[in-house]
Amino acid sequence: MAQSTAKKTGEQPDLYRFEQEAYRSGFLTVCGVDEAGRGPLAGPVCAGAVILRRDERIEGLNDSKKLSKKKREALYEEITARAAGWSVAYATSEEIDRYNILQATFLAMRRAVEGLQLPPDLVLVDGNQDPGLSCEHTITIVHGDALSASVAAASILAKVSRDRLMEQLAEQYPQYELQVHKGYPTKRHYERLREFGASPIHRRSFLKKFFQDDEPK
C-alpha cells in the first residue's frame, strides 16, 4: 500500500491530479472512497465508492462538508448520472458497537468497493489507514476529499445517502428529531435521549458514558 501525506495549501489543488498520475502509471479504473457518519450517536456509518470517467470532469466537486445541502444534492445527481461506476454501502449501529467505529467504517468501505459493477485496479482512500480492500492497489490520502476528485465524489455520495436515510429513520423514530441533526451529538439530541432513552438505531458504545453520567448520584 502506498500512502500520500499531501496537505492543503493556500492554492486550490487540481482535484484530478491523483487520477491523472494514476492513468500515466498505467492504471485504467481509478476509484475514490470516503465515508460519512463516523461521529453521530445514532444510525449507520456510510461509505461511497466512485469511478469517474477518464475523459470527463465534473465541476464543483469538493469535500462534502464544505458544500451546501443544495449543492451536494445537485452534485449527487450529476455524479450518479455521469460516473463510470458508483456504489454506496453501510455498516449498521449494531456493527459499530460490535467491531468499533473504525473497523465498521472499513467494513462499509469494503462493501462499497465490492458493490461496484466495474472493478477498480486502483483505489484512493480518504485518510491515512488502509481499510483492507480487495483491490490490490490502494493509496491513502490525508484530506483526500479536498484533494482528489474521485474521493470528493465519494464523500458527496456518502453524505447525501446517509442524510436521506436519517430523514427516513426520523419518520420511524420522530421523538429524536433525526431529520434535524442526522444523529450527531447536538444539545437537542442529548435532550431527546434524556427524555426517551436510546432507540434500536443508537450506538450503545457511544452512549455508555452519557448514560452513566446521567444516572442519579
Side-chain angles (χ1 to χ4, degrees), residues 1-38 46-89 105-106 108-131 133-164:
M1 180 195 76
Q3 181 180 113
S4 169
T5 56
K7 295 183 179 180
K8 301 174 191 175
T9 66
E11 297 180 359
Q12 182 68 23
D14 177 6
L15 287 186
Y16 288 83
R17 178 171 64 88
F18 285 97
E19 287 79 2
Q20 293 300 324
E21 289 178 356
Y23 296 142
R24 286 194 292 270
S25 297
F27 294 104
L28 299 176
T29 52
V30 180
C31 174
V33 173
D34 199 6
E35 54 73 29
R38 285 183 65 166
C46 180
V50 178
I51 300 173
L52 296 174
R53 296 188 184 279
R54 182 171 181 169
D55 56 349
E56 291 185 15
R57 291 200 172 204
I58 297 177
E59 297 300 323
L61 292 176
N62 202 342
D63 174 0
S64 62
K65 296 183 292 296
K66 296 181 178 180
L67 300 170
S68 67
K69 179 178 180 180
K70 182 178 179 181
K71 184 63 174 176
R72 285 195 303 266
E73 293 278 355
L75 282 168
Y76 176 96
E77 299 302 329
E78 190 169 1
I79 293 163
T80 54
R82 294 176 56 190
W86 65 274
S87 173
V88 170
T105 299
F106 291 167
M109 287 180 170
R110 291 194 294 270
R111 286 171 174 167
V113 173
E114 290 164 4
L116 291 165
Q117 292 186 335
L118 178 65
D121 51 16
L122 173 67
V123 179
L124 308 175
V125 181
D126 182 55
N128 62 1
Q129 293 180 285
D130 185 349
L133 303 174
S134 57
C135 182
E136 183 178 355
H137 301 283
T138 301
I139 297 176
T140 58
I141 307 173
V142 177
H143 303 307
D145 48 8
L147 296 170
S148 159
S150 300
V151 178
S155 78
I156 292 166
L157 261 57
K159 172 64 174 170
V160 172
S161 297
R162 187 182 186 279
D163 282 357
R164 289 177 177 178

> Just how far is it from atom CE of Met109 to atom CG of Asp34, taken to the nearest 0.5 Å?
Replying inline: 6.0 Å

>> I need the minimum non-hydrogen distance between Ser155 and Ser64, along with the two atoms involved.
In response: OG-N, 3.3 Å

> Within the side chain of Asp126, is there an N or O that forms a donor-acceptor pair under 3.5 Å with the backbone of Gly144?
Replying inline: yes

>> Test of understanding: with side chain to side chain donor-acceptor pair (under 3.5 Å), list the residues that count as partners of Ser150, not counting sequence neighbours.
In response: Glu19

> Are Lys65 and Asp63 close enough for a salt bridge, meaning some N to O gap below 4.0 Å?
Replying inline: yes

>> Within the 4.5 Å heavy-atom criterion, are Trp86 and Ile51 side-chain neighbours or not?
In response: no

>> So, taking the atom named OG in Ser25 and the one named NE2 in His137, what distance separates them when rounded to the nearest 0.5 Å?
In response: 10.5 Å

> Could you state the interatomic distance from CD (Gln20) to CG (Leu15), rounded to the nearest 0.5 Å?
Replying inline: 12.0 Å

> Any idea which heavy atoms bring Ala47 and Ala112 closest together, and the distance?
Replying inline: O-CB, 3.8 Å

> Measuring from Arg54:CZ to Tyr23:OH, what's the distance to the nearest 0.5 Å?
Replying inline: 6.5 Å

> Is the shortest heavy-atom distance from the side chain of Val50 to the side chain of Ile79 under 4.5 Å?
Replying inline: yes

> Among all residues two or more places apart in sequence or in another chain, which pass the side chain to side chain donor-acceptor pair (under 3.5 Å) test with Glu114?
Replying inline: none

Which atom pairs, one a donor and one an acceptor, fall under 3.5 Å between side chains of residues 116-124 and the rest of the protein, sequence neighbours left out?
{"from": "Asp121", "atom 1": "OD1", "to": "Leu28", "atom 2": "N", "distance (Å)": "3.4"}
{"from": "Asp121", "atom 1": "OD1", "to": "Thr29", "atom 2": "N", "distance (Å)": "3.1"}
{"from": "Asp121", "atom 1": "OD1", "to": "Thr29", "atom 2": "OG1", "distance (Å)": "3.4"}
{"from": "Asp121", "atom 1": "OD2", "to": "Leu28", "atom 2": "N", "distance (Å)": "3.1"}

> Can you list the residues that meet the side chain to side chain donor-acceptor pair (under 3.5 Å) rule with Asp163, with sequence neighbours excluded?
Replying inline: Lys159

> Residues two or more places apart in sequence or in another chain: which of them pass side chain to side chain contact (heavy atoms under 4.5 Å, CB included) with Arg164?
Replying inline: Glu73, Tyr76, Glu77, Val160

> Looking at Leu67, Thr80, Ile58, which hits side chain to side chain contact (heavy atoms under 4.5 Å, CB included) with Ile156?
Replying inline: Leu67

> By side chain to side chain donor-acceptor pair (under 3.5 Å), which residues pair with Arg38, not counting sequence neighbours?
Replying inline: none

> Rounded to the nearest 0.5 Å, what separation is found between the CZ atom of Phe106 and the CG atom of Leu133?
Replying inline: 9.0 Å

>> Between Val125 and Thr138, does the side-chain contact (heavy atoms from CB on, under 4.5 Å) criterion hold? Intermediate values first, please.
In response: CA-CA 7 Å; Val125 181; Thr138 301; 3.7 Å; yes

>> To the closest 0.5 Å, what do you measure between CZ (Arg17) and OG (Ser148)?
In response: 9.5 Å

> Cys46 and Ala158: which non-hydrogen atoms are nearest, and at how many Å?
Replying inline: SG-O, 3.6 Å

>> The test is side-chain contact (heavy atoms from CB on, under 4.5 Å); show your working for Leu147 and Asp14 and say whether it passes.
In response: CA-CA 7 Å; Leu147 296 170; Asp14 177 6; over 6 Å; no

>> Between Arg111 (side chain only) and Ala89 (backbone N and O only), is there a donor and an acceptor less than 3.5 Å apart?
In response: no

> So which heavy atom on Glu35 is nearest to which on Gly37, and how close?
Replying inline: OE1-N, 3.6 Å

